[in-house]
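In what follows, a single structure is set out as structure tokens and then discussed.
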Amino acid sequence: MKKKSLILFSLLLVFSMVFAACTPKEEEPAEPPVGEEPSEPSELAVGIVLPTKDEPRWIQDQTRFEAKLNEAGYDVEILFSQADPSQEKANVESLITKGVEVIILCPHDSAAAAASAEAAREAGVTIISYDRLITDTDAVDYYVTFDSVAVGEAQAQYLVDKAEGEGNPLYLYAGAATDNNAFLFFEGAWNVLQPKIADGTFYIVNSSAAIDLQDKAELTRDEMGQIIGQVTTNWDFDDAKSLAEANLTAASAEDKGDVFILAPNDGTARAIADAFGADTDISSYVVTGQDAEIASVQYIIDGKQSMTVLKDVRNLVDDAIAMAISVVKGETVETTGEYDNGVIMVPAKQSEVISVDQDNVVEVIIDSGYWDASEFTGLEGIAEEPEAPAELSVGIVLPTKDEPRWIQDQTRFEAKLNEAGYDVEILFSQADPSQEKANVEALITKGVEVIILCPHDSAAAAASAEAAREAGVTIISYDRLITDTDAVDYYVTFDSVAVGEAQAQYLVDKAEGEGNPLYLYAGAATDNNAFLFFEGAWNVLQPKIADGTFYIVNSSAAVDLQDKAELTRDEMGQIISQVTTNWDFDDAKSLAEANLTAASVEDKGDVFILAPNDGTARAIADAFGADTDITSYVVTGQDAEIASVQYIIDGKQSMTVLKDVRNLVDDAIAMAISVVLGETVETTGEYDNGVIMVPAKQSEVISVDQDNVVEAIIDSGYWDASEFTGLD
């Protein structure tokens, strides 16, 4: 352990010498760290491009990279391509423009990433392919990876070790056909499974291509592609669950019972496990995974996922950093093997992988420090005999797992309920009202007494609430009000009008003189809260538009209505329809870029921006920051997401409205428990949902900017200081 620490210390020391003063060069000069004078930004030496921020695995990599770099006292720019090869290439070109010497690139599409690598090669920039191999080009210098074939072998060996007798149903699932790693994982799995298919231990249920090829010990890439084409999950949770459900619908009763499932990674494993677990003809399942995500480690502890393959991201990050340093310093780069990318053999550095299940989860995950024990519940009971699952009392339905805000709520709910000794099931509707209703019906079937429901579409959620009312289940509308029904019992919320007022007041307080350009943006027109936020903002902004402090740039409907102090819902709807972001980062950035393209030079300069939440605020800020005619901008937000708190510290977002999710979660849990225990439910107000006045409990909101970020965010314990850089 001392030797490992010494190596890590030496690595960080070298890295700090190489990258000292290497901070990202912003389109708009960022504010200095809180309490410090500004310094001139330096040219970046290293940039990192990751495939998507919508999978926990890549947020984990981002976190590890940032932690290592911050520990060494320097910054690095990490960009996400959001599964879009064109965005990936734009990210690479952006980093090249900023003068990087090395780009660590994890491609979404291995072949499409060749264009990005070739752009880097042409600019004299070294490309390190990270975790996934860039194929079909000679413009890849190095590859940092886990032994992907070994990952598939470990997954398959686990299935083999758990199988008894003959005739065991085997369901195959794979990653994305665009990802070279998916082929390597499958190759490894086939190496181990094929002999056990040939001897009758397993039979394949869900791939006719695999059945046709089951007698071949070694498959060509095209043959693997035929199988993967039938069982691909695209690394997508919803695709994985939908495919599993379709397979189960098509399967006979004989193809169920005790089954074995090759799932390619943790996210898909959980989705597939949920599908198989919900099928009453499935007696038991063994399901694989990889990445040791927190959620899947908890699934393993709870007995809902069988195993995962730990690919210790700390090792992979260390290898990538060490390789980048060697390149920058002109030193020999350490490699341990090579991989064929279809054009050249790419020199590679490999990290080991470890199988993890209930038997070794504490040793491998907790004792190693990979994750802290506080992230999990039930660790003390995994060596004990499993108890029969208790009937759920409370179910929770959240709108999507694709926004950090709702993952934050999920985490807080789980921590609080587990601490209180309650079992709870949290389901995500993924912005689909029909899935939302299916989630509610699933919870009703499981015997819940209370459902805490945050709707995606406030009006469409009425059907879900009415299904619960018909079943005698209490509905607590959470954060967003369910409208157009009398089947809502309670509402737990922040004062959403106050949120909009706080955002607008911040803009007013920062404005000087007259004729300040004002850009308006709003949430989704299907979300009642978007109207409440906008109502609050209009309350404060309209008088300052009327007196000439601001003029509206990007909404003709708002300009037409600017003399009205109070707007009807229909009038607000006219404005929101022109400036809606749909709570989507890409929509927000695209709309902002379109507004800037249409705006005159006079509509730029020093501008003021009403952005509805943190995710859209960052996207909009990035668009405005990239426009050379924008001298400065003041932009609002809400939710105090980690990324936006960092943006505030860095001067790239002006403020956020802290809606302390701990308070909202506490209020919702207290309300649910009161219902279950038959006690009086505490409320502090009521809201009109279009049919009834819904009794409500409100939580306060707080404006946060650089002046009070330490007090409001860090000192309050909302987020830990270790999440951020520049606080000192």
Side-chain angles (χ1 to χ4, degrees), residues 398-399 403 405-406 408-409 412 452-455 458 461 475-483 488-509 520-543 565-569 572 576 583 610-617 636-641 644 655-672 681-690 692-705 708 711-713 716 718:
L398 298 176
E403 293 177 26
R405 160 64 203 281
W406 304 115
Q408 181 183 346
D409 287 62
R412 305 288 192 191
I452 298 169
L453 170 60
C454 179
S458 298
I475 281 284
I476 298 173
S477 195
Y478 179 76
D479 193 58
R480 299 173 177 173
L481 182 59
I482 300 167
T483 61
V488 186
D489 298 283
Y490 301 102
Y491 181 29
V492 175
T493 184
F494 295 104
D495 186 340
S496 298
V497 173
V499 170
E501 289 174 339
Q503 292 173 328
Q505 191 60 52
Y506 193 89
L507 297 177
V508 168
D509 291 343
L520 303 175
Y521 297 96
T526 56
D527 178 2
N528 187 62
N529 273 6
F531 286 80
L532 297 175
F533 298 144
F534 192 83
E535 176 186 342
W538 192 259
N539 290 346
V540 175
L541 289 173
Q542 191 276 333
E566 293 186 15
L567 301 178
T568 66
R569 188 176 180 93
M572 282 192 283
I576 290 172
W583 303 122
L610 179 74
N613 74 342
D614 279 349
T616 58
T636 64
Q638 71 169 299
D639 293 332
E641 293 176 3
S644 276
M655 66 86 74
T656 188
V657 178
L658 170 60
K659 307 185 305 184
D660 195 327
V661 175
R662 293 171 297 184
N663 298 337
L664 200 67
V665 166
D666 286 348
D667 288 344
I669 290 173
M671 189 174 277
V681 174
E682 178 190 353
T683 59
T684 56
E686 55 183 12
Y687 283 77
D688 185 355
N689 82 338
I692 59 169
M693 299 300 293
V694 182
K697 181 74 164 62
Q698 297 163 314
S699 295
E700 68 171 344
V701 300
I702 303 169
S703 290
V704 179
D705 65 2
N708 68 337
E711 175 189 356
I713 301 297
S716 74
Y718 190 75

From CA spacing to verdict: side-chain contact (heavy atoms from CB on, under 4.5 Å), L664, K659: CA-CA 8 Å; L664 200 67; K659 307 185 305 184; over 6 Å; no
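- A donor-acceptor pair under 3.5 Å links the side-chain atoms of N708 to the main chain of S703, judged by distance alone.
- In terms of modelled atom types and a separation under 3.5 Å, the side chain of S716 and the main chain of A712 share a donor-acceptor contact.
- Residue A530 comes nearest to W583 through the heavy atom pair CB-CZ2, 4.2 Å, listed as atom of the first residue, atom of the second, then distance.
- V657 is not listed as a side-chain neighbour of V704, based on a closest heavy-atom distance of 4.5 Å or more.
- Take T636 and apply the side-chain hydrogen bond (donor to acceptor under 3.5 Å, both in side chains) test, not counting sequence neighbours, and it matches no residue.
- None of D667, N663, T684 except one satisfies the side chain to side chain donor-acceptor pair (under 3.5 Å) rule with S699; the exception is D667.
- Atom CG of N613 sits about 8.5 Å away from atom CD of Q503, to the nearest 0.5 Å.
- Side chains of D509 and Q505: a donor on one and an acceptor on the other come within 3.5 Å.
- Of all the heavy atoms in Y718 and D639, the pair that sits closest is OH-O, 3.9 Å.
- Here the closest heavy-atom approach between residue F531 and residue M572 is recorded as O-SD, 3.7 Å.
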Verdict with reasoning, V492 to M671, per side-chain contact (heavy atoms from CB on, under 4.5 Å): CA-CA 9 Å; V492 175; M671 189 174 277; 3.7 Å; yes
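- Between L610 and W538 the shortest side-chain heavy-atom distance does not fall below 4.5 Å.
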Chi angles and distances behind the side-chain contact (heavy atoms from CB on, under 4.5 Å) call for L453, I476: CA-CA 6 Å; L453 170 60; I476 298 173; over 6 Å; no
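- Put simply, CE on M693 and OH on Y687 are 10.0 Å apart, with the number rounded to the nearest 0.5 Å.
- The main-chain N or O of G690 is found under 3.5 Å from a side-chain atom of D688 such that the two form a donor-acceptor pair.
- For the residue pair D614 and T656, a side-chain donor N or O sits within less than 3.5 Å of a side-chain acceptor on the partner.
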Evaluation steps, side-chain contact (heavy atoms from CB on, under 4.5 Å), between V681 and Y490: CA-CA 9 Å; V681 174; Y490 301 102; 3.6 Å; yes
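- Looking at heavy atoms from C-beta onward, I713 lies in side-chain contact with L658 at the 4.5 angstrom threshold.
- Separating the CG atom in L532 from the CG atom in L481 is a distance of 8.0 Å, to the nearest 0.5 Å.
- The line from CG of L567 to CD of Q542 is 8.0 Å long, rounded to the nearest 0.5 Å.
- In summary, the side chains of Y506 and D705 do present a donor paired with an acceptor at a separation below 3.5 Å, with no hydrogens or angles considered.
- Of all heavy-atom pairs spanning T493 and D479, the tightest one is OG1-O, 3.8 Å.
- With R480 contributing its side chain and P455 its backbone, the two residues share a donor-acceptor pair below 3.5 Å.
- Distance check: I452 CD1 to I475 CD1 gives 9.5 Å after rounding to the nearest 0.5 Å.
- Nearest heavy-atom pair, V661 versus F494, reported as atom, atom and distance to 0.1 Å: N-CZ, 4.2 Å.
- The two residues P695 and T683 come nearest to each other via the heavy atoms CB-CG2, 3.8 Å.
- Expressed to the nearest 0.5 Å, how far CZ of F533 lies from OG of S496 amounts to 4.0 Å.
- Under the 3.5 Å distance criterion, the side-chain polar atoms of N689 are matched with a main-chain donor or acceptor of I482.
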